[in-house]
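Just so it is clear: chains get the letters A, B, ... in the order the sequence lines come, proteins before strands, and each one is counted from 1.
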Amino acid sequence: MNDEKKDIEKDFEPKIVGFLCNWCSYAGADLAGTSRIQYPPNIRIIRVMCSGSVDSMYILRALLEGADGVFVGGCHPGDCHYIDGNYKARRRMVLLQNILATLGLEKERVWIRWISASEGQKFADTMKEMTEAIKKLGPNPISKKWNI
Amino acid sequence: MVKKTNNIGAVAVVGGGIAGVQSALDLADMGFKVYLLEKSPTIGGVMAQLDKTFPTNDCSMCILSPKLVDCSRHPNIELLTMTEISKIEGKPGNFTVKATQKPRYIDIEKCTSCGDCASVCPIKLPNEFEFGLSIRKAAYKPFPQAIPNAYVIDKEGDGKHRGCVECGKCVKECKAGAINHDEKPKNIKLSVGAIIIATGSTPFDPIIKPEFGYKKYPNVLTSIEFERVLSASGPFEGKIIRPSDKKPPKKIAWIHCVGSRDKQVGNEYCSAMCCMYTAKEAVIAKEHDSNIEPTVFYIDIRSFGKDFDKYIDRAKEEHGLHYVRSRISEIVEDPKTKDLIIRYEDDKDQLKEDRFNLVVLSVGLCITQARRNEIAEKLGFNVNDFGFVETNPRDPIVIKPGIFVAGSFVEPQAIPESVMQASAAAANAAALLKDARGTLVKEKKYPAERDVTQEKPRIGVFICHCGINIGGILNIDEIVKYTKNLDDVVYADANLYTCSEDTQKKIAEVIKKHNLNRLVVAACTPRTHEPLFKNSLREAGLNPHLFEMANIREQCSWVHSDKPGLATDKAKKLIEMTVAKTRLLQPICESQIPVTQKALVIGGGIAGMTSALSLANQGYEIALVEKEPFLGGYLKKISFTVDGIDVKKTLEETVEKVEKNPLIKVFTSSVLNSLNGYVGSYEAEIKTAKGIEKFNHGVTLVAIGAEEYTPNSYYYGKDLRVSTQSELEKKLSDLLPGQIHDGEVFVMIQCVESRDEKRPYCSRICCMQALKNALKIKEINPYAEVFILYRDLMTYGFLEKYYKQAREKGVMFLQYDADNKPVVHNNHSLIVKVFDPMLSQNLELPADHIILSTGLNPGNSTEHISKMLKVPVNSDGFFLEAHVKLRPVDFSTRGVFFAGNCHMPKFINESIYQAQAAAARAATILAQPSLSAEPNTAFVDEDLCSGCRLCISICPYKAIESVDEVKNGKKITHAKVNEALCMGCGTCVSACPSGAMQQKGFKDKQILAMIASVGGSE
Ligand code: FES
């Protein structure tokens, strides 16, 4: 890694947009709070009712607007409050990740994870992990609008 | 019109575990005032302590916590925590319940649950929620999701450790002024019409079984302690480590039946759920750490519930659970390694030993002696030999007139049974108090809503300091300044506590003064506080959905306290995003769905009849459809029961009650021809012998039963000496003493063509059928010989006593293995060959009669009904509930319920309470003339819809249909959402390729506006 890249990595604070389902992941994020578990402040959380309602368009738009990463959090398989929305989300995500390549974006910029209401620690860990991973990837190459 | 009644329209529910919570919610929804009394500082009970639930491995807290929140928000429920019942006086319809409420020393209304008191509290105590595996302060909250969402001060301590010393630090620290150290106990007197007791039972304390070394060796835990070890929010954060050295154990042993099926400790019953939770704990441990080698020491594997067998199979095959049939003699510790040596007798009576790093004792449930005395003294209930409350199996929920029971206070059982009984208890109370329904609930009057749709957005933003919880970390002044500059924000200011009474008043004033039409509160999580603020909007004459919250506490200040600068930036952004969404909010009117207050019950067996009676007794009109010429169903085939209760008489009485009830219209020899409509307004066509009858109704109950399975093996149908259990039962019921000879041999084979690949489920009732018949044979002639060849004897709960009785009467039990099934030879005489693992050899039993236990199959109209009602079945063909644990009588489609054997095979008493539960759930809908739709339902822009039907196939609730319409002379096809059925998940929105489908409160343009505002500098 050359020095320049290292510098970017050091100063670069990625912007991550997170879509969390109301019943599990959002509650998991709340629990991280009640348990005062610290994680990097890079995520901007948008509450949705179910991970199944996260339109591919939302994710694409976030990336086109310049988000460096997009996180989708849902209930564990079988736990979805609306029966199987999370399975639908997962299927959609696989399709979407293929499209990302055609846009010249790494598919690792979009994460989908299952986090339950009792997994505050897991939520925080995932946030750390994702922030690190996106830092490594560097800024979103199509980021124009966002000046950070 | 004021109804004249002497009954009181209120119910006291005692016990705030899952059973009490369910009863309270059902009754409150039906229009009764509910007092929910709980001894501890929070509701939730044991379920709150569980990590996951079997057989779906659902996260326990995730499914429980929304119910707890519902309880605390319900306008008809009054929560009385730290309250213990001391006396019941009066009569059904008019009781006085006396109780004492211990001081909490913290005002629930003022407490913001920030935890500042705990952080300064100097006193440390073992945390009872974590079974002492961690510590807590004297000022504490039992667990993060506790309801009421408030702290409590423990002044008593736990005997060994003293509690609060009144140092006063917390008083100084609490910015909300919520602490009052001088609070005194309160005596409470409640006037209620009925009482539901749901106080549960206690996990067995293995300290009285010294051979297990519990509390002597650190690495011996109970199963409920192990739940906390597994829990991500538990003492070890979900890492599987053992207490002695905090290292991950490799070999873990579980020991079944600790404190259950145990004469020595006086618990000669089976605790019914330990087999399953053991498998669950082992599977989950293995999922956490694949190096773990789980071994289970067991007597029987009682997998008698729905989909339990499949779970155990998977545990063995996929997760490598190693099962050892054995009896434990003792556990000793290797003092050097702190490992444990288990000494046991295996199934060949050989003494063996094995070493483990950690041992988990699968403890059962019991009623402690102290509780027993209390029950006897204070409440005067009859209890059985084991201290559990006694009820009549034909009226399983009634302790005394007007006093009902639910949950494990009546028998050890798993969550779904408790939930069913809880709803059943609600149905019983509702029937008793039907003329007082709605008399004690207050309806809140709000001013008329101002129409804001034509106005330009004028947004007000309230930013909360939350004491120092937000304000101590974020730079609030800076945030206020930033927020004031956002477009359309006409007001922004900070408050110390936005949720306090006075700020609520201020909100209303500010709305008026600045003529606001939309509101944002930047504070804590909307999951707990949104309803409060929405209420303030309504009081100020605004539609409650013109409101959003920015979560800058749980999801900002609390998690980034180490980076105040970045956290402040984040909070600004979160507010900006929220404002961006709020700008585009539109009022949502929660549509009202009219309800025809009548029910259709399909199936006239005991379940269907019980549901119909329960609903009729609550005052609703019923149509009961039965395809046979007579009511009674499977019960007609039962001649006698093991508990000696006269089934024929029960049946006759029930049929008579149904037929004489003026509110029930019975259609025998009739079938459901068609069913149209949805919750609230269904239209049924019933095909009767005389022609088609129409019936309009609001809810549909399915109770179509199951069929006996006809076996194809063991010479059944070819040799008259081979029969099924129910054929034998019929014969036995007419036999007189002397009609069975001395030495006549009956060989019963259990699980015939059951629990195998083709029918991979246990039918739950066959073991008892066998025992019942065996006991009857022995009663007719004690010198007859009865052999029961079984795989696992499913005599769960108190049924265990019949197993014991049969053994005492000389019935011989021989266990066989699934892959070594008994074989029958038929050369004139019948010989049953079976491998006896104890003797390691084949036995040959010459038999005069062979009786096959074959279990039940789904009823033959299941498929038809499933298609007509669009409700699902599981892989075995039994109806599939909306949620195995918490919605055990609901289909996922709103307004359709089920009960009885069509759900899975079960006993009469179980069918009865399930049927009453279904009636209660149905009554929560029937109680109102109209029903509110979910606020966040989907809707279609008909001009954009291409009619592709993608949404129809993806909707989990079958809430979308396709309609043809002529618009401007053109025929168009578009989707249409049925608001009554839509639950607001939004899945269809994301699936819609043309952007025609939108979700209220989460419209595409609202979400996109949030996304767009993430960009830009802060
Ligand atoms: S509700 Fe959480 S994923 Fe569906």
Side chain, backbone, both or neither: which part of [X] has an atom under 4.5 Å from a heavy atom of chain B?
{"X": "Tyr26(A)", "answer": "both"}
{"X": "Pro77(A)", "answer": "neither"}
{"X": "Lys122(A)", "answer": "neither"}
{"X": "Asp84(A)", "answer": "side chain"}
{"X": "Val48(A)", "answer": "both"}
{"X": "Asn42(A)", "answer": "neither"}
{"X": "Ile45(A)", "answer": "both"}

Tell me the closest heavy-atom pair linking [X] and [Y], and the distance in Å.
{"X": "Asn469(B)", "Y": "Arg36(A)", "value": "OD1-NH2, 3.7 Å"}
{"X": "Tyr82(A)", "Y": "Tyr957(B)", "value": "CA-OH, 3.0 Å"}
{"X": "Val1014(B)", "Y": "Arg44(A)", "value": "CG1-CG, 3.8 Å"}

Option in [options] with maximal non-hydrogen atom pairs under 4.5 Å from chain A:
{"options": "His883(B), Glu554(B), Met983(B), His560(B)", "result": "His560(B)"}
{"options": "Gly984(B), Cys985(B), Pro956(B), Gly1001(B)", "result": "Cys985(B)"}
{"options": "Thr578(B), Asn551(B), Asn936(B)", "result": "Asn551(B)"}

Once you round to the nearest 0.5 Å, how far does [atom1] of [X] lie from [atom2] of [Y]?
{"X": "Glu65(A)", "Y": "Leu1008(B)", "atom1": "CD", "atom2": "CG", "value": "8.5 Å"}
{"X": "Glu237(B)", "Y": "Gln121(A)", "atom1": "CD", "atom2": "CD", "value": "4.5 Å"}
{"X": "Ile46(A)", "Y": "Ile1011(B)", "atom1": "CD1", "atom2": "CD1", "value": "5.0 Å"}
{"X": "Asp30(A)", "Y": "Gln145(B)", "atom1": "CG", "atom2": "CD", "value": "9.5 Å"}
{"X": "Lys52(B)", "Y": "Ser118(A)", "atom1": "NZ", "atom2": "OG", "value": "6.5 Å"}
{"X": "Thr34(A)", "Y": "Phe143(B)", "atom1": "OG1", "atom2": "CZ", "value": "12.0 Å"}

Is chain A contacted by the side chain of [X], its backbone, both, or neither, given a heavy-atom distance below 4.5 Å?
{"X": "Asp1004(B)", "answer": "both"}
{"X": "Gln555(B)", "answer": "both"}
{"X": "Met577(B)", "answer": "side chain"}
{"X": "Ser65(B)", "answer": "neither"}
{"X": "Asp562(B)", "answer": "both"}

Distance-only, no hydrogens or angles: does the Lys88(A) side chain make a donor-acceptor pair with backbone N or O of Ile954(B) under 3.5 Å? yes

Would you find a donor on one side and an acceptor on the other, under 3.5 Å apart, between the side chain of Gln38(A) and the backbone of Ser561(B)? yes

Heavy-atom pairs under 4.5 Å with chain B - which of [options] has more of them than the others?
{"options": "Cys50(A), Gly52(A), Ser35(A)", "answer": "Gly52(A)"}
{"options": "Pro41(A), Ala117(A), Gly28(A)", "answer": "Pro41(A)"}
{"options": "Ser56(A), Pro40(A), Cys24(A)", "answer": "Pro40(A)"}

Are more than 12 heavy atoms, taken from residues, nucleotides or ligands other than Arg113(A), located less than 6.0 Å from that residue's CZ atom? yes

If you measure from the Lys or Arg side-chain nitrogens to the Asp or Glu carboxylate oxygens, is any gap between Arg47(A) and Glu530(B) under 4.0 Å? yes

